[in-house]
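Encoded as structure tokens, the structure appears first; notes follow it.
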Amino acid sequence: MTTGQESTVPGAPTVSPEQQQREDDLVHRVLASFDSCTDQRLKHLMHALVRHLHAFLREVRLTEDEWGKAIEFLTAAGHITDDKRQEFILLSDTLGASMQTIAMNNEACGDATEATVFGPFFVDDSPEVELGGDISFGASGEPCWVEGTVTDTAGKPLAGALVEVWEADADGLYDVQYGDDRTAGRAHFHTDNEGHYRFWGITPTPYPIPADGPVGAMLQAVGRSPMRAAHLHFMVTHPLHRTLVTHIFVRGDDFLDSDSVFGVKDSLVKDFQRQQPGTPTPDGRDLGQATWSKARFDITLAPASS
Ligand code: BEZ
Ligand code: FE
């Protein structure tokens with residue numbers, strides 16, 4: 001004989017009818033507490049949040065000890081967060097919530113270039129460089145020539161598009177992580193009349209996301225790596241088009257299938273062709289006996305209304 005009844009929560013274990021009634025009643029009371037909210041969008045968000053949160057609690061039958069640990073985790077995330085370190089975004093990134101939000105808000109539009117995570121290392125007002133200039137400003141790493149064209153979805157070149165680029169150095173660190181006032185591995189420039197752009201950067205290397213806080217502890221507890229696949233960030237802005245925030249990744253990189261923030265899209269994986277010392281460079285720059293690489297990234301912007 002069983003006194004249980006199938007739960008109203010999908011995936012939740014069977015509980016007694018009386019228990020089920022108590023739990024359902026609480027959910028209804030919490031939902032009803034938003035009845036006088038006049039902002040319909042806010043009300044919708046709070047209702048959905050409460051429904052999903054309670055469904056989660058009931059599905060996993062959260063213990064009071066686990067609830068306490070979750071509160072400790074969020075408290076630690078708050079304590080480590082300041083104007084430079086944002087642990088909540090890192091949490092969103094590592095749970096795939098950032099990428100899901102980006103996917104929904106950058107709907108596929110023709111062959112428009114796919115978006116990916118923004119990351120915490122963008123800085124406004126990066127230095128302006130000429131087309132063909134060097135964005136490394138002394139950051140360590142193998143020189144890398146990057147070029148491409150910015151077009152609309154009909155293939156029309158977009159002149160004057162603002163292209164902002166930023167990347168970590170060969171030690172896997174962004175300039176802002178050094179704690180001094182250096183600016184390196186970042187710059188901006190504009191496309192020419194044919195929509196072309198080109199610059200010298202450094203060949204991207206893989207690096208870990210900041211892992212010395214609660215998010216790092218979570219990754220370790222579940223056996224996940226903090227490594228990001230090697231990448232080079234782009235933000236491309238044009239008045240008549242949807243702003244694109246994206247990166248390009250290095251074909252053959254070890255972390256393409258395990259990027260800690262789920263940022264990799266096949267369409268963004270590019271060939272970074274390694275060049276032997278002495279190979280002539282596209283702009284005649286003399287790199288002596290250094291190896292260098294080159295990559296092409298053609299960018300298609302969706303219309304602003306999409
Ligand atoms: C990054 O691209 O640098 C990054 C992205 C998400 C979280 C941490 C770092
Ligand atoms: Fe990055």
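Just so you know, ligand 1 is whichever comes first in the structure, and atom 1 is the first atom listed for that ligand. All values reported here derive from a predicted model rather than from experimental measurement.
Judged purely by distance below 3.5 Å, without hydrogens or angles, the side chains of Trp145 and Asp283 never pair a donor atom with an acceptor atom. For the residue pair Gln276 / Thr279, no side-chain donor-acceptor distance below 3.5 Å is found, with atom types taken as modelled. When only modelled atom types and interatomic distance are considered, Ser258 and Ser225 share no side-chain donor-acceptor pair under 3.5 Å. Side-chain contact, Asp65 with Thr63: no donor N or O sits under 3.5 Å from an acceptor N or O. No hydrogens or angles considered: a donor-acceptor pair under 3.5 Å links the side chains of Ser98 and Asp93.
Closest to atom 9 (C) of ligand 1 among all protein heavy atoms lies Pro120 CD, 3.3 Å. Closest to atom 5 (C) of ligand 1 among all protein heavy atoms lies Gly119 CA, 3.4 Å. Ranking the protein heavy atoms by distance from atom 2 (O) of ligand 1 puts Arg228 NH1, 2.8 Å first. Remark: minimum distance from atom 1 (C) of ligand 1 to any protein heavy atom is reached at Tyr207 OH, 2.9 Å.
Atom numbering of ligand 1 starts at 1 in the shown order; those under 4.0 Å from a heavy atom of Phe121 are 3 (O). Which parts of ligand 1 touch His233 is read off a 4.0 Å heavy-atom cut-off, strictly below it: atoms 1 (C), 2 (O), 3 (O). Distances below 4.0 Å separate heavy atoms of Ile209 from the following atoms of ligand 1: 7 (C), 8 (C), 9 (C).
Applying the ring pair (Phe, Tyr, Trp, His ring centres under 6.0 Å) criterion to Phe122, with sequence neighbours excluded, gives Phe118, Trp166.
Not one N or O of Asp93 is nearer than 3.5 Å to an N or O of ligand 1, by distance alone. Looking at His247 next to ligand 1, no N or O pair under 3.5 Å apart turns up.
Separation of the His247 and Phe249 ring centroids falls under the 6.0 Å cut-off.
For Tyr174, every heavy-atom contact with ligand 1 shorter than 4.0 Å involves the side chain, none the backbone. Contacts of Leu90 with ligand 1, taken as heavy-atom pairs under 4.0 Å, involve the side chain alone.
Protein N/O/S atoms found under 2.8 Å from the Fe ion (ligand 2): Tyr174 OH, Tyr207 OH, His231 NE2, His233 NE2.
Just one residue in the list Glu167, Arg228, Gln177, His231 forms a side chain to side chain donor-acceptor pair (under 3.5 Å) with Tyr207, and that residue is His231.
Side-chain atoms of Lys270 come within 3.5 Å of backbone atoms of Ser267 as a donor-acceptor pair (strictly under, hydrogens ignored). One N or O on the side chain of Arg186 and one on the backbone of Phe121 form a donor-acceptor pair closer than 3.5 Å.
Both tests do not hold together for Arg274 against Trp292: distance to the six-membered ring centre under 6.0 Å, angle to the ring axis within 45°.
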